[in-house]
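Please read the structure below before turning to the comments.
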There are 2 protein chains.
Amino acid sequence: MEYQEAKDKFISTWGSLGSLWGINKAMAQIQALLFISTKPLSMEDIMEELKISRGNTSMNLRQLMDWGIVTKEIIPGERKEYFTTEKDVQELARIVAKERSRREIKPVIKILKDVSSIKDDGTEKTKELIKQTKALHELTDTMDTMINKVVNQQQKWLTKSLLKLFK
Amino acid sequence: MEYQEAKDKFISTWGSLGSLWGINKAMAQIQALLFISTKPLSMEDIMEELKISRGNTSMNLRQLMDWGIVTKEIIPGERKEYFTTEKDVQELARIVAKERSRREIKPVIKILKDVSSIKDDGTEKTKELIKQTKALHELTDTMDTMINKVVNQQQKWLTKSLLKLFK
DNA sequence: ATTAACTTTCAATATTTTTTGAAAGTTTAA
DNA sequence: TTAAACTTTCAAAAAATATTGAAAGTTAAT
């Protein structure tokens, strides 16, 4: 496999995987492109490489910056803005986990808590609703806490140790 | 909060969370409805509760069965088919993790492996592509392995509990 | 073998999400 | 201050995805 083929394959695969970590295709592809680039890229560069419009590029770069995954790079003497992404995969995982937790998981946990806290009126269906949403609340909360602990704290050490434990 | 309000809130929240575990809204809502139901439900029941069409219900039930989350229940003397979902949240988590790994993560890991294995032609850009996709491959593979091992542990634990029951 | 009860399929339709492109906005150099 | 270089915004268009409903298919009872 040639460089260009491998690059295209990586970008399109990573793009379609976007849904797995909660972002859209263009956003994921821009990140992928920056991730394997040896230097910061301009909006023009990105538009051309991915064959997407200026507006699309601008909006998705903003979102990536909101996520904290991409940063604007000012190159002295240059008028254009340049962009880079976080290059360390562990740090990337940390950011993604944290943002997803904040944006999606935490709000759901709150609702599960509210729903599981309704007054028990003694009926079977109410008992079931309380029981099941409580179980879901506990599971979701545990998972969320675990994931954040794993990615936040001394990641490398934890990952290695956990792997050994399970081998 | 009344039972009905809590129930509706749970179903719509769980439905919109579907994207988090890779299924569509109707599918997630059907599962949510079954999850808090005290008895198996027929297609008619589901259509009526969620206000969705027969076709939609049928297709999404099939998908839930493909995932292994929902099972058909035959009620003696009844012509209709009835459906139930796995009620244990741990088992549910296990199934979802396993299916997502199989459907989405494993194929990506393979591509990352292929891409990171291209021949190093000595250029800076090729070196960067190899380095970065290799890092991503390792991270993804580690995460996937961890999840699978956790799942196996859970299964072992489950098996043990079941064995105890039959002793 | 016929019919009634029920489920599945799938082309058409509706909805949601993404993308475009051009006008409006901003910044910097002269 | 003007104008060129660049970025953002957002209404409209396109693309992707989900939903409908009715015809076709299946099953079970008589």
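Proteins get letters first, then strands, A, B, ... in listed order; numbering begins at 1 in each.
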**Study point:** Atom pair distance, as rounded to whole Å: CD1 in B/Ile75 and P in D/dA28
**Key:** 15 Å

**Study point:** Check: A/Trp67 and A/Arg103 side chains under 4.5 Å, non-hydrogen atoms
**Key:** yes

Exercise for review: Measure from CG on A/Leu61 to C1' on D/dT7 and round the result to the nearest Å.
Suggested key: 11 Å

Check your understanding: Reading nucleotides 22-30 of chain C 5' to 3', which nucleotides get B (base under 4.0 Å from a protein heavy atom), which S (sugar-phosphate only), which -?
Key -> -----BB--

Practice item. Check every atom of C/dT9, C/dT20, D/dT7 against the side chain of B/Ser58 and return the nucleotide holding the closest atom. Key: C/dT9

Practice item. Identify, between B/Met27 and A/Met43, the residue whose nearest nucleotide on DNA chain D lies closer to the 5' end. Key: A/Met43

Practice item. Please state how far atom CD in B/Glu81 lies from atom C1' in D/dG25, giving the value in whole angstrom units. Key: 13 Å

Study note, to complete from the structure: Rounding to 0.5 Å, atoms CG (A/Leu61) and CD1 (A/Ile46) come to a distance of 4.5 Å

Exercise for review: Take atom CE of B/Met59 and atom P of D/dA18, then tell me their distance rounded to the nearest Å.
Suggested key: 11 Å

Review point. Any side-chain N or O of B/Arg62 under 4.0 Å from OP1/OP2 of C/dT7?
Key: no

**Study point:** Out of D/dT20, D/dT8, C/dC6, whichever nucleotide has its closest atom nearest the side chain of B/Lys80
**Key:** C/dC6

Practice item. To the nearest Å, give me how far apart CG (A/Asn56) and C1' (D/dT7) are. Key: 14 Å

Exercise for review: Could you check which of C/dT20, D/dT19, C/dT19 has an atom nearest any side-chain atom of A/Ala26?
Suggested key: C/dT19

Check your understanding: Would you say the side chains of B/Thr85 and B/Gln31 form a donor-acceptor pair under 3.5 Å?
Key -> yes

Exercise for review: Take the protein atom CE of A/Met47 and the nucleotide atom P of C/dT18, then report the distance between them rounded to whole Å.
Suggested key: 20 Å

Point to revise | Whole-Å gap separating C1' (C/dT18) and NZ (A/Lys51) | key: 19 Å

Check your understanding: Do other residues, nucleotides or ligands put more than 12 heavy atoms under 6.0 Å from the CD atom of B/Glu73?
Key -> yes

Check your understanding: Are side-chain N/O atoms of B/Asp45 and B/Ser42 paired as donor and acceptor at under 3.5 Å?
Key -> yes

Check your understanding: Taking atom P of C/dT19 as reference, at what distance in whole Å does atom CG of A/Leu50 sit?
Key -> 11 Å

Exercise for review: Report yes if some heavy atom in the side chain of B/Lys72 is under 4.5 Å from a heavy atom in the side chain of B/Phe83; otherwise report no.
Suggested key: yes

Review point. When you measure from the side chain of A/Ser37 to the backbone N and O of A/Leu33, does any donor-acceptor pair fall under 3.5 Å?
Key: no

